[in-house]
**Q** 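I have a structure here, written as structure tokens, and I will follow up with some questions on it.
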Number of protein chains: 2
Amino acid sequence: MMRINRRTDYAVRVMLALADHPYGERLSTRFIREKMLVPRAFLERIIAELSKARLILTFPGPNGGIQLNARPEEITLRNIWEAIEGPLLISDCLQSPEECPLHENCPVRDCWGKLQKAMQRELETVTIGYLSHELKKKQALHMD
Amino acid sequence: MMRINRRTDYAVRVMLALADHPYGERLSTRFIREKMLVPRAFLERIIAELSKARLILTFPGPNGGIQLNARPEEITLRNIWEAIEGPLLISDCLQSPEECPLHENCPVRDCWGKLQKAMQRELETVTIGYLSHELKKKQALHMD
DNA sequence: AAAATGCTTACTATTTAAGTAAGCATTAGT
DNA sequence: ACTAATGCTTACTTAAATAGTAAGCATTTT
């Protein structure tokens, strides 16, 4: 039914949790998984993938933890998405048209190509900094 | 990995096959499934769903078949999508925020909400008429 | 009555996603 | 050096969604 991958969802939660604290601050994954309700073993793998993609820095040992490797305004949803699932590809047809059984005149390629482009554009436009900022505005409203 | 549902993909193929012929013309599902490479039993169910959604008219018996129930320019990808899978919903969070374990301050809702809106906008904008027209332009180019 | 079509239901197989368990690797503090 | 706190890795299990198959029913034209 075309749902968001839960791992990607969790990855965004992690990045937003980091962005919610002063830049450069280090959080433990334990803190994050309790706050964001993510099962341990699952989260650890996500952390590892974010780290491989150089979106975060990780430090083992006591006082270890993770921190952002770039300012939140510089990290897009596309960066996170690709760190977890690789490039967005909503139909095989779009990657290798030559393998499409309907060949170069596949009537559907245009259709999904347009949708994918719209999605890509959105993922590139939205940054963690923006989302974090919006979230803080909302939280301020609910204070009263 | 967030792929397009194959049934929706097939449904678009059906609608495009119909739009490729003069408006009002009736095609047999047999013709369509041979042209578009869709397994029979699978296609028949898709046809039935398109019919329930009133996007096509169906006629049994010899000289039966299916035809569009509206001009191609009036049929959007959203119409087809919803006929097959129901409303676009890329995360449960967006439908029922109250059930979200992170409640009203779910940091991820904005994120996927924006993406979903971008997708919805695209699906509403693109019509079968447009796609069919684009396809014919391409086919004309390949003639030489 | 027969043949050509669309329609329905029940089932099976395959793939993907989600989650669990157990233990390893690195580092700070003592 | 030892211990404890952290991140990391691998292998496995379970559950759900997707894709496809089979068999036969229902409706209409000839």
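Residue numbering restarts at 1 for every chain, and letters A, B, ... go by the order of the sequence lines.
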**Q** From CD1 of A/I84 over to C1' of C/dT16, roughly how many Å is that when rounded to an integer?
**A**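 Rounded to the whole Å, the gap is 16 Å.
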**Q** Any side-chain N or O of B/N63 under 4.0 Å from OP1/OP2 of C/dT5?
**A**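 Negative; the distance criterion is not met.
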**Q** Counting just side-chain N and O atoms, does B/R40 come under 4.0 Å of either OP1 or OP2 of D/dA22?
**A**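 It does not, given that no N or O in the side chain of B/R40 lies less than 4.0 Å from OP1 or OP2 of D/dA22.
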**Q** Among D/dT30, C/dC7, C/dG29, which nucleotide sits nearest the side chain of B/I47?
**A**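 Ranking D/dT30, C/dC7, C/dG29 by closest atom to the B/I47 side chain puts C/dC7 first.
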**Q** Between B/I32, B/V38, B/L55, which is the residue that forms a side chain to side chain contact (heavy atoms under 4.5 Å, CB included) with B/V14?
**A**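 Per the side chain to side chain contact (heavy atoms under 4.5 Å, CB included) rule, the option paired with B/V14 is B/I32, out of B/I32, B/V38, B/L55.
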**Q** What's the closest nucleotide to the side chain of A/A41 if the choices are C/dG6, D/dG7, C/dT20?
**A**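 Comparing C/dG6, D/dG7, C/dT20 against the side chain of A/A41, the answer is C/dT20.
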**Q** Between P on C/dT16 and CG on A/L89, what's the gap in Å once rounded to a whole number?
**A**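 So the CG-P distance, A/L89 to C/dT16, works out to 13 Å.
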**Q** Taking CD1 from A/I66 and P from D/dG7, how many angstroms apart are they, rounded to a whole number?
**A**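 About 7 Å, once rounded to whole Å.
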**Q** Would you compute the distance between atom CD1 of A/I90 and atom SG of A/C111 and round it to the nearest 0.5 angstrom?
**A**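 Result: 8.0 Å between the selected atoms.
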**Q** If I compare all heavy atoms of B/I75 with all of B/M15, which pair ends up nearest, and what's the gap?
**A**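 Looking at all heavy atoms of both residues, the shortest contact is CD1-CE, 3.7 Å.
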**Q** Consider the side chain of A/R45, meaning its heavy atoms from C-beta on, and name the nucleotide among C/dT20, C/dG6, D/dG20 that approaches it most closely.
**A**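 When the side chain of A/R45 is considered, C/dT20 is the closest of C/dT20, C/dG6, D/dG20.
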**Q** Heavy atoms from C-beta onward define the side chain here; which of D/dT29, D/dA4, C/dT5 lies closest to that of B/P62?
**A**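 Nearest listed nucleotide: D/dT29.
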**Q** Return the nearest nucleotide to the side chain of A/R6; candidates are D/dG7, D/dT29, C/dA18.
**A**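 Among D/dG7, D/dT29, C/dA18, the one nearest the side chain of A/R6 is C/dA18.
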**Q** Is the shortest side-chain N/O distance from A/T58 to OP1 or OP2 of D/dC8 below 4.0 Å?
**A**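 The answer is yes; a side-chain N or O of A/T58 sits under 4.0 Å from OP1 or OP2.
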**Q** Provide, to the nearest angstrom, the distance between the CZ atom belonging to A/R30 and the P atom belonging to D/dC8.
**A**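 That distance rounds to 17 Å.
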**Q** Whole angstrom is fine here: how far is it from CZ in A/R3 over to C1' in D/dA15?
**A**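 Atom CZ in A/R3 sits about 16 Å away from atom C1' in D/dA15.
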**Q** Just checking B/Y10: base, sugar-phosphate only, or nothing, at a heavy-atom cut-off of under 4.0 Å?
**A**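 Sugar-phosphate, no base atom in range.
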**Q** Before accepting this row, confirm whether a basic side-chain N of the pair A/K114/A/D110 lies closer than 4.0 Å to the acidic partner's carboxylate O.
**A**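 So A/K114 does not pair with A/D110 through a salt bridge.
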**Q** Taking only N and O in the side chain of B/N5, is any of them less than 4.0 Å away from OP1 or OP2 of D/dA19?
**A**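 So the side-chain polar atoms of B/N5 do come within 4.0 Å of the phosphate oxygens OP1 or OP2 of D/dA19, strictly under.
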**Q** Heavy atoms from C-beta onward define the side chain here; which of C/dG19, C/dG6, D/dC8 lies closest to that of A/S51?
**A**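 Per side-chain heavy atoms of A/S51, the pick is D/dC8.
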**Q** Tell me the interatomic distance from B/R33, atom CZ, to C/dG6, atom C1', rounded to whole angstroms.
**A**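 Rounded to whole Å, this separation is 11 Å.
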**Q** Taking NZ, NE, NH1 and NH2 as the nitrogens, is one of them in B/E49 or B/K52 under 4.0 Å from a carboxylate oxygen of the other?
**A**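 No, no charged N to carboxylate O under 4.0 Å.
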**Q** Rounded to the nearest Å, what distance is computed from the CG atom of residue B/N69 to the C1' atom of nucleotide C/dG6?
**A**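 Distance check: B/N69 CG to C/dG6 C1' gives 16 Å.
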**Q** Just to verify, which of B/L77, B/V126, B/I4 counts as forming a side chain to side chain contact (heavy atoms under 4.5 Å, CB included) with A/L115?
**A**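 Only match with A/L115 under side chain to side chain contact (heavy atoms under 4.5 Å, CB included): B/I4.
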**Q** Of all the choices, C/dC7, D/dC8, C/dT20, which nucleotide is nearest to the side chain of A/F42 once you look at every atom?
**A**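 Between C/dC7, D/dC8, C/dT20, the one nearest the side chain of A/F42 would be C/dT20.
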**Q** A/E44 has a side chain; which of D/dG20, D/dT30, D/dT9 sits nearest to it?
**A**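 So the nucleotide nearest the side chain must be D/dT9.
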**Q** Check the distance between D/dC8's P and A/I32's CD1 and give it to me in whole angstrom.
**A**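 In whole Å, D/dC8 P and A/I32 CD1 are 11 Å from each other.
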